[in-house]
Protein chains: 2
Amino acid sequence: MEPDAAALDSAFMALADPVRRSIIARLSRGPATVNELAEPFEISKQAVSKHIQVLEQANLVTRTREAQRRPVHLNPARLEALTAWIDQYRLVREGQFRSLDAVLRSNAATGSGPDTRSHHEQFPEAQRS
Amino acid sequence: MEPDAAALDSAFMALADPVRRSIIARLSRGPATVNELAEPFEISKQAVSKHIQVLEQANLVTRTREAQRRPVHLNPARLEALTAWIDQYRLVREGQFRSLDAVLRSNAATGSGPDTRSHHEQFPEAQRS
DNA sequence: ACGTTTATCAACCTTTCGGTTGTTTAAGCG
DNA sequence: CGCTTAAACAACCGAAAGGTTGATAAACGT
């Protein structure tokens, strides 16, 4: 269940849209069909269906069959994975080093200062096509 | 400090890229210059500079002047804002309603079932160009 | 003053994204 | 068996993203 780079890509990308975030917000109150989700917006149902495709591809929601309707369900586990990733980095320096940056940087080139290591996301992790 | 839709847009969009996430990971260990950030990747420094522009526009990092270098600093507060937004929705239904969805949906059209209201992100919140 | 380092700006190209319309499939309903 | 509804699929289009190269600006060192 460890989120790899591609999974984080699709998840964050999916949330980088106000319509899709609204859909998430709506689904947090319970499952809904495409038509129910599309109604509050001025965009077409096809567009909403595409948005849901994006969310589904990011594993943030799942579509189930139920008669002729296809309710969309939220997947809280994936949201949890995102907060886990973010916390991994935001917890390190909760702003208290802000004024010491200049000092740390001045002798950082020699690699002798007190540092805050022990991380698991090694730096070179990504590549694009 | 409340994150509006546009702020969340840019922040999630910024994190939806493995290079930019790697930059965040690196900056969580301390500030760094563009050259230092660019070295581990095969893309040009200009490209990395653009990535940092995106992160800066999303308020995830800040650029300071210091001699002829321009160290990039992480902004943990903005990361915290993201987790706050996500938690707002993932904490609602931690998977326990999964099997009750069919029942809830069947009488949801009449609007009489027990629900989980009291949310502040009202549904119609977004629009595109 | 000149060159070097650091980093940004500008133009350009290619790919992807978000949305549209139009056409199918699938499942009820009368 | 048709008719309506729900929703996906497909083709198309404008806009934006991600990257490249080339030129420009700012702050040193000598």
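Residue numbering restarts at 1 for every chain, and letters A, B, ... go by the order of the sequence lines.
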Trainee: Mapping A/Gln46 and A/Arg65 to their closest nucleotides on DNA chain C, which lands nearer the 5' end?
Mentor: A/Gln46
Trainee: Rounded to whole angstroms, how far apart are CZ on B/Phe12 and P on D/dA17?
Mentor: 18 Å
Trainee: Does any part of the side chain of B/Val34, heavy atoms only, come nearer than 4.5 Å to the side chain of B/Arg70, both counted from C-beta?
Mentor: no
Trainee: Take the protein atom CG of A/Leu37 and the nucleotide atom P of D/dA7, then report the distance between them rounded to whole Å.
Mentor: 9 Å
Trainee: In whole angstroms, how far is the P atom of D/dG18 from the CZ atom of B/Phe41?
Mentor: 14 Å
Trainee: Got a donor-acceptor contact below 3.5 angstrom from the A/Arg78 side chain to the A/Ala7 backbone?
Mentor: no
Trainee: Counting only side-chain N and O atoms of A/Ser49, is one of them less than 4.0 Å from OP1 or OP2 of D/dC9?
Mentor: no
Trainee: To the nearest Å, give me how far apart CD1 (A/Ile23) and P (C/dG18) are.
Mentor: 12 Å
Trainee: Taking atom P of C/dG18 as reference, at what distance in whole Å does atom CD of A/Gln53 sit?
Mentor: 12 Å
Trainee: Does the side chain of B/Leu82 come within less than 4.5 Å of B/Leu15's, by heavy atoms?
Mentor: yes
Trainee: May I ask you to verify whether the side chain of B/Gln68 and the base of D/dG29 hold a donor-acceptor pair under 3.5 Å?
Mentor: no
Trainee: Under 4.0 Å between a side-chain N or O of A/Arg63 and OP1 or OP2 of D/dA8?
Mentor: yes
Trainee: Would you tell me if any nitrogen or oxygen in the side chain of B/Arg70 comes within less than 4.0 Å of OP1 or OP2 on D/dA27?
Mentor: no
Trainee: C/dG19 P sits how many Å from A/Arg20 CZ, rounded?
Mentor: 8 Å
Trainee: Looking at A/Leu74 and B/Tyr89, what are the two nearest heavy atoms and their distance?
Mentor: CD2-O, 4.4 Å
Trainee: Examine D/dA17: is either OP1 or OP2 under 4.0 Å from a nitrogen or oxygen in the side chain of B/His51? Give yes or no.
Mentor: no
Trainee: Under 4.0 Å between a side-chain N or O of B/Asn35 and OP1 or OP2 of C/dA7?
Mentor: yes
Trainee: Is any N or O donor-acceptor pair between the side chain of B/Glu42 and the base of D/dG19 shorter than 3.5 Å?
Mentor: no
Trainee: Given the rule in the side chain to side chain contact (heavy atoms under 4.5 Å, CB included) test, do A/Leu27 and A/Leu60 qualify, once you have shown the distances and angles that lead to the verdict?
Mentor: CA-CA 10 Å; A/Leu27 291 179; A/Leu60 288 166; over 6 Å; no
Trainee: With a cut-off of less than 4.0 Å, is there a side-chain N or O of A/Ser44 near OP1 or OP2 of C/dT21?
Mentor: no
Trainee: A/Arg69 has an atom CZ; how far is it from atom P of C/dC29, in whole Å?
Mentor: 9 Å
Trainee: Between A/Ala47 and A/Ala67, just flag the one whose closest nucleotide in DNA chain C comes earlier from the 5' side.
Mentor: A/Ala47
Trainee: Over how many whole Å does the gap from B/Lys50 atom NZ to C/dT8 atom C1' extend?
Mentor: 11 Å
